[in-house]
Amino acid sequence: MTTLHWIDYAIMVLYFAFVLGIGAMLRRYVHTSEDFFLSGRSIPAWVTGLAFISANLGAQEVIGMGASGAKYGIATSHFYWVGAIPAMVFVGLFMMPFYYGSRARSVPEYLKLRFDEKTRGVNAVSFAVMTVFSSGISLYAMGKLLNLLLGWSFDASILVAGGIVLGYIFLGGLTSAIYNEVLQFFLIVFGFAPLVFLGLRDVGGWAGLSARLAGVATDNGFAAGAYTRSWAFMGHASANPVGVEWFGLVMGLGFVLSFGYWCTDFLVVQRAMAANSMTAARRTPLIAALPKMLFPFLVILPGMLALVVSSTAVRSTSVAAPTPAAAAAPAVASAAATATVALSDPGVEPREGIVPPKLDPRTGEPLRDARGRVVLDYDLATPMMLVHFFPAGLLGLGLTALLASFMSGMAGNVTAFNTVWTYDLYQSYIRRGAPDSHYLAMGRFATVFGVAVSIAAAYVAASFNNIMDFLQLVFAFVNAPLFATFALGMFWPRATGHGAFTGLVSGILAAAVHHGISLPAGAHVGVKGGYLGVVTTYPSELAQTFWTAIAAWVTCFVVTIVVSLLTRPRPAEQLHGLVYGLTPQPTDDVKRWYERPGPLALIVLTLTVALNLIFF
């Protein structure tokens with residue numbers, strides 16, 4: 001069990017006090033529901049930009065991308081340089097003028113203004129459910145990780161973290177969440193940057209890491225550079241660890257899934273809508289894109305390093321054996337239901353890498369794949385790097401950064417949930433025409449309710465196997481067709497409400513059908529697919545997810561067009577401010593050229609192309 005010193009605890013307590021203090025300080029500025037839900041649209045661009053990226057820095061990114069780095073190598077950077085930056089540029093240049101200019105208070109409300117009430121209702125309900133469950137799974141992953149690494153009580157961990165998030169959002173609303181997300185951003189950067197430096201120093205820099213990973217690649221049946229080159233082996237799915245060919249990657253991840261998330265997910269769009277001007281709102285995702293493109297070096301490299309650093313130098317650290325609760329829920333989110341052997345115990349054979357094996361919850365023995373090789377628990381790659389390299393004090397900083405990532409992701413989900421619940425569900429369907437003070441009180445109640453349901457969802461997650469895989473699949477089902485709906489709605493005036501609603505439902509059904517007739521290699525029929533009969537198989541779960549998203553997007557796109565052509569469109573005068581071509585082009589209220597969204601977008605795209613070429 002990892003032992004923390006007083007300095008480590010002091011850093012954590014200081015962080016908790018600071019985030020609650022921010023909430024208490026900002027409470028006096030919250031007078032209306034717009035102050036609580038949208039920060040009164042008064043936040044400067046650099047703050048909303050950092051909050052835009054920090055709200056996305058949950059467990060899935062810090063722990064999940066480290067795990068993917070260990071499993072897939074530098075190809076995981078595609079989730080950033082292909083699957084994030086282009087979409088962030090697009091939403092900044094083309095979609096924020098509609099979100100911000102229409103004065104919509106949420107993404108579902110924009111759908112109502114552009115289409116109709118039923119389309120807004122579908123999106124609002126699905127989004128509200130997904131946010132609380134995603135928040136709950138992050139809480140569960142955090143609680144199990146702290147239990148495994150530090151021996152902390154699972155119940156106490158999630159209750160304390162949930163209570164702190166509740167405290168500062170209840171007090172200061174979105175403004176409190178945004179300024180805390182900025183703090184959490186810097187904490188994550190300063191917490192993980194030393195980890196990357198120490199890891200690279202240990203293996204001899206990038207050249208040493210490449211040389212060691214070449215052996216890992218060949219051991220797994222790939223070319224020597226498969227783990228350190230991002231594009232060179234994307235010609236065929238079997239030639240790279242990701243198991244996806246270039247077309248599936250670019251179309252599935254780079255277009256459908258990434259644009260579906262960054263352009264339509266209110267969790268991140270809400271941060272830009274809180275900006276103090278149209279230009280600031282458009283610059284928000286562009287400012288966020290600059291640090292975002294560098295995050296692979298902070299969150300992916302620790303996973304790659306964990307595969308090859310020397311395990312003989314690990315200080316006396318072990319991870320707790322599985323508890324009954326952990327044994328009952330294997331393979332759930334992050335480090336949730338796994339355990340490892342003591343890496344420094346006498347008699348354990350020294351080996352390259354510190355990624356521990358997964359243990360069979362029934363026998364306690366390491367799990368093995370079909371070829372007899374030990375299955376590694378990649379989700380523990382980044383946490384094991386922390387306890388491997390960091391001394392007292394620095395370990396406290398690293399663990400606090402880890403906690404900050406969990407809490408920022410949860411706070412983002414909760415603030416998005418309370419806005420959608422209050423404006424798009426409660427005000428629209430339950431209590432219309434109430435005074436603003438009533439909706440402000442309902443927003444605070446929704447915050448309490450959202451945190452309570454998130455905590456309940458954390459316990460629900462403990463009872464199900466593979467719930468994280470299932471939830472990610474649901475995201476692909478919903479976000480992929482939703483992006484087709486938004487694209488047609490914003491750029492084709494002929495799109496109708498009946499077309500949008502029918503297209504959305506058809507896209508979700510198409511995703512279910514494709515998933516039901518496909519299966520990843522080596523998987524069993526069930527939650528991973530094949531429940532309608534296995535017609536095709538994919539080399540990996542990612543490949544299946546990408547093609548499921550493509551099927552959902554294409555179906556929604558085609559059905560929306562066909563139904564729209566058969567139904568009556570809205571008059572053009574009703575679409576001003578909602579559709580490209582019927583909306584005046586925004587003017588930039590800044591003087592310096594580098595503050596304008598256009599040049600900033602060009603800089604971001606140029607740097608992204610350069611990174612892709614460097615690691616090609």
Side-chain angles (χ1 to χ4, degrees), residues 16 19-20 23 55 58-60 63-64 124-148 152-171 173 177 265-267 322-338 379 403 405-422 424-426 429-430 441-475 477-478 527:
F16 293 150
V19 296
L20 288 172
Q60 291 89 339
I63 299 296
V125 171
S126 62
F127 179 79
V129 172
M130 286 191 298
T131 51
V132 292
F133 271 92
S134 179
S135 177
I137 288 174
S138 290
L139 264 183
Y140 174 64
M142 182 201 68
K144 294 310 299 183
L145 184 66
L146 294 178
N147 177 259
L148 291 169
W152 291 2
S153 164
F154 171 80
D155 299 327
S157 296
I158 65 171
L159 289 174
V160 169
I164 291 171
V165 171
L166 168 63
Y168 69 75
I169 295 177
F170 186 90
L171 292 170
D265 196 309
F266 186 53
L267 168 66
T323 63
V332 181
S334 296
T338 55
D379 288 325
L403 288 173
S405 73
F406 284 106
M407 292 171 61
S408 66
M410 181 184 179
N413 280 301
V414 171
T415 53
F417 168 80
N418 64 24
T419 305
V420 168
W421 162 259
T422 304
D424 295 295
L425 296 174
Y426 182 78
Y429 301 111
I430 299 174
M442 174 50 63
R444 288 200 162 103
F445 170 78
T447 302
V448 177
F449 179 75
V451 171
V453 174
S454 298
I455 293 172
Y459 286 99
V460 172
S463 303
F464 287 88
N465 188 15
N466 291 323
I467 194 171
M468 190 63 181
D469 292 336
F470 178 73
L471 187 66
Q472 290 300 317
L473 193 65
V474 171
F475 284 150
F477 277 30
V478 175
V527 71

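Because the structure is a prediction, the values reported are computed rather than measured. The residues of the chain are indexed from 1 along the displayed sequence.
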Value rounded to 0.5 Å, distance of OG in Ser454 from CZ in Phe133 | 9.5 Å
Any donor-acceptor pair under 3.5 Å linking the side chain of Thr415 with the backbone of Gly412?
-> yes
Could you walk me through whether Ile430 and Trp421 pass the side-chain contact (heavy atoms from CB on, under 4.5 Å) test, one step at a time?
-> CA-CA 11 Å; Ile430 299 174; Trp421 162 259; 3.9 Å; yes
If we only count heavy atoms from C-beta on, is the Val414 to Thr131 side-chain gap below 4.5 Å?
-> no
By side-chain contact (heavy atoms from CB on, under 4.5 Å), which residues pair with Val448, not counting sequence neighbours?
-> Leu166, Phe170
Please test Ile455 against Leu139 for side-chain contact (heavy atoms from CB on, under 4.5 Å), starting from the C-alpha separation and ending with a verdict.
-> CA-CA 7 Å; Ile455 293 172; Leu139 264 183; 3.8 Å; yes
Taking the side chain as C-beta and beyond, is there a heavy-atom pair between Val132 and Asn413 under 4.5 Å?
-> no
So, does Asn147 use its side chain to make a donor-acceptor pair with the main chain of Trp152 at under 3.5 Å?
-> yes
So how far is it from Leu145 CG to Ser157 OG, rounded to the nearest 0.5 Å?
-> 9.5 Å
For Ile158 and Ala458, which heavy atoms make the closest approach, and how far apart are they?
-> CD1-CB, 4.2 Å
Test side-chain hydrogen bond (donor to acceptor under 3.5 Å, both in side chains) applied to Ser408 - qualifying residues, sequence neighbours left out = none
Beyond-backbone contact of Ile169 with Val165, side-chain heavy atoms, under 4.5 angstrom | yes
Check the pair Ile63 / Phe406 against side-chain contact (heavy atoms from CB on, under 4.5 Å), numbers first and verdict last.
-> CA-CA 9 Å; Ile63 299 296; Phe406 284 106; 4.0 Å; yes
Where do Leu403 and Leu146 land on the side-chain contact (heavy atoms from CB on, under 4.5 Å) test, with the steps shown first?
-> CA-CA 9 Å; Leu403 288 173; Leu146 294 178; 3.7 Å; yes
Looking only at heavy atoms, which two atoms of Met142 and Ala161 are closest? And how far apart?
-> CE-CB, 3.3 Å
Closest non-hydrogen atom pair between Leu267 and Ala55, with its separation = CD2-O, 4.2 Å
Tyr140 ring center near Tyr459 ring center (under 6.0 Å) | no
Gap between atom CZ of Phe417 and atom CE of Met130 - 0.5 Å precision | 13.0 Å
To the nearest 0.5 Å, tell me how far Leu20 CG sits from Leu171 CG.
-> 7.5 Å
Should the ring pair Phe266 and Phe127 be called parallel, tilted or perpendicular, given that the plane angle runs from 0 to 90° and is split at 30 and 60?
-> perpendicular
Locate the shortest heavy-atom distance separating Gly136 from Ala457; write the atom from each residue and the value.
-> CA-CB, 3.9 Å
Taking every non-hydrogen atom, the tightest pair across Gly443 and Thr422 | CA-OG1, 3.6 Å
Hey, could you give me the CE/OG distance between Met410 and Ser138, rounded to the nearest 0.5 Å?
-> 9.0 Å
Supply the atom-to-atom distance Leu148 CG to Phe154 CZ, rounded to the nearest 0.5 angstrom.
-> 10.5 Å
For Ala177 and Tyr168, the nearest pair of non-hydrogen atoms, with its separation, is CA-CE1, 4.0 Å
Answer whether the closest heavy-atom distance between the side chains of Met407 and Phe16 falls below 4.5 Å.
-> yes
